[in-house]
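Encoded as structure tokens, the structure appears first; notes follow it.
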Amino acid sequence: MNGNESEAMRRLPRTCRTADRVLWFDEVDSTNTVARRLLAEAWPPVDAAGPDVTGTVAAAACAGGAGAVDTGGADAPIAVVVADSQTAGHGRLGRQWVSLPGESSMVSFATVLPQSLVTDSRVNGWLQMIAGLAAIDAMTAVLAETGADRCCASHGPKDDCALMLKWPNDVFLHGRKLGGILLESVMLPAADIPMAGLVIGIGLNLNLPADHLPTGQATSLQLHRAPLPDPLELRDRIAAGTVTVLRSRMRAFAVDPTDYAVALRDETEALCWTLGRRVEARMTDGSVMWGVATALNPDASLTVCADDGVDHVVRTGDVGVL
């Protein structure tokens, strides 16, 4: 183990043992940008220094404990990119997300799936939901394991204490945004079985002071759960747990996407903060619609009953809960 591997293992020991590859950066432009470069450079394999990165102060890499990478097996490889600080992170629709050390967890997960699955509009919408469910599964398990699953009594009804998903890409807690998820696909070099790279960027507010919250609609985990581990340990635990859950869920999805989509729909409906609430939908063409979110559809799209009584199916765009 060289010095860089030792540093990554020191900072992210659980993640290094779980993932196939871990890259840690002191500062980076965007963890998703690094993950895309990693996939574009035909990972696996990748050299220990990682891809060329803009704005890096220090970087470390470790090979994970999941064994040799074999894209032809049941489990796709998962690489993890972590930064203490990022300067050009963004969410869906280009919204900026800047993080400071010790306040937020900025982690991107890179994997590969059959291209036919990633591009199939009948089921590929569920990849976003899988990412959100994986984040919630991991956080829920970590909070229970560390004894930090107690909900602070001052934050409203007990029913609001559960981690929820706001369609299609936000993690909510007590009706406020705890984190966001950004999925990006990367076309890979030709192979016998065409594969596509998938980058899942997950940003979570773990220890952000109330006066540092970017908007009145945002929140941070330490404002609702206690007692929490050290923020760096918490980040490592959540990242490692997310790798484990993503591996399991992606395997099930790849084996039978149609049947698994049915199960995902039931699971997501139970955790969807958006359903049954009044929403504002901002479409990619610039139009805006107001109504009530009434259904999560078989392709993971959302049905909104507009104020004029007409149902609209929303597949892309920004849907805010009013």
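With rounding to the nearest 0.5 angstrom, the CE atom of M164 is 11.5 Å from the NE2 atom of H174. Atoms CG and CZ, from L143 and R237 in turn, are 10.5 Å apart once rounded to the nearest 0.5 Å. Here W167 contributes atom CH2 and L296 contributes atom CG; the two are 9.0 Å apart, rounded to the nearest 0.5 Å. Interatomic distance, CD of Q115 versus CE of M195, reported as 9.5 Å (0.5 Å rounding). One finds the SG atom of C272 at 9.0 Å from the NZ atom of K166 (value rounded to the nearest 0.5 Å). In this structure, CG in L165 is found 9.5 Å from CD in Q128, a value given to the nearest 0.5 Å.
In this structure, N205 contributes its side chain and T219 its backbone to a donor-acceptor pair below 3.5 Å. With hydrogens and angles ignored, the 3.5 Å screen pairs a side-chain donor or acceptor of N169 with a backbone N or O of I181. Side chain of T303 to main chain of V313: no donor-acceptor pair is present (N/O by atom type, distance under 3.5 Å, no hydrogens or angles). Remark: the backbone N or O of M289 is not paired with any side-chain donor or acceptor of R282 at under 3.5 angstrom. Checking side-chain atoms of E184 against main-chain N and O of I200 turns up no donor-acceptor pair under 3.5 Å. Between the side chain of D299 and the backbone N or O of V123 there is no donor-acceptor pair closer than 3.5 Å. Judged by distance alone, the side chain of T140 and the main-chain N or O of I136 form a donor-acceptor pair under 3.5 Å. For Q222 (side chain) and L208 (main-chain N/O), a donor-acceptor pair under 3.5 Å exists by modelled atom type.
Salt-bridge check for R17 with D236: failed, with every basic side-chain N at 4.0 Å or more from each acidic carboxylate O. Contact check on R37 versus E41 returns no salt bridge, with no Lys/Arg side-chain nitrogen under 4.0 Å from an Asp/Glu carboxylate oxygen. Under the 4.0 Å criterion applied to side-chain N and carboxylate O atoms, D29 and R36 are not assigned as salt-bridge partners. At a threshold of 4.0 Å, the pair D230-R235 does not count as salt-bridged, since none of the basic side-chain nitrogens sits closer than that to a carboxylate oxygen. A salt bridge links K177 with D170: the distance from a Lys NZ or Arg NE/NH1/NH2 to an Asp or Glu carboxylate oxygen falls below 4.0 Å.
E280 CD: more than 12 foreign heavy atoms inside a 6.0 Å radius. Crowding of R249 atom CZ: a count of heavy atoms from other residues, nucleotides or ligands under 6.0 Å exceeding 12.
Contact of the L178 side chain with the F172 side chain is not registered, since no non-hydrogen atoms from C-beta on lie closer than 4.5 Å. Looking at heavy atoms from C-beta onward, L173 lies in side-chain contact with L163 at the 4.5 angstrom threshold. Contact annotation: the side chain of V107 never approaches that of T31 to less than 4.5 Å [non-hydrogen atoms, C-beta and beyond]. Looking at heavy atoms from C-beta onward, H212 lies in side-chain contact with E103 at the 4.5 angstrom threshold.
Of all non-hydrogen atoms in R176 and G216, the two that sit nearest each other are NE-O, 3.9 Å. For the residue pair P231 and G102, the shortest heavy atom distance occurs at CB-O, 3.6 Å. When all heavy atoms of T15 and A240 are compared, the closest pair comes out as OG1-N, 3.5 Å. In terms of heavy atoms, A131 sits closest to L246 at CA-CD2, 4.3 Å. Across all their heavy atoms, V321 and T274 have their closest contact at CG2-CA, 4.1 Å. Across every non-hydrogen atom of A135 and T242, the tightest pair is CA-OG1, 4.3 Å.
Taken together through direct or relayed side-chain contacts under 4.5 Å among Ile, Leu, Val, Met, Phe, Trp and Tyr, V171 and L228 form part of one hydrophobic cluster. Neither V245 nor I130 shares a network with the other; the hydrophobic side chains, linked directly or stepwise wherever heavy atoms of I, L, V, M, F, W or Y lie under 4.5 Å apart, form separate groups for each. With hydrophobic clusters built from ILVMFWY side chains whose heavy atoms lie under 4.5 angstrom apart, V112 shares a cluster with V186.
In this structure D307 satisfies the salt bridge (Lys or Arg N to Asp or Glu O under 4.0 Å) test together with R278, sequence neighbours excluded.
A donor atom on one side chain and an acceptor atom on the other are not found under 3.5 Å apart for Q217 and T215.
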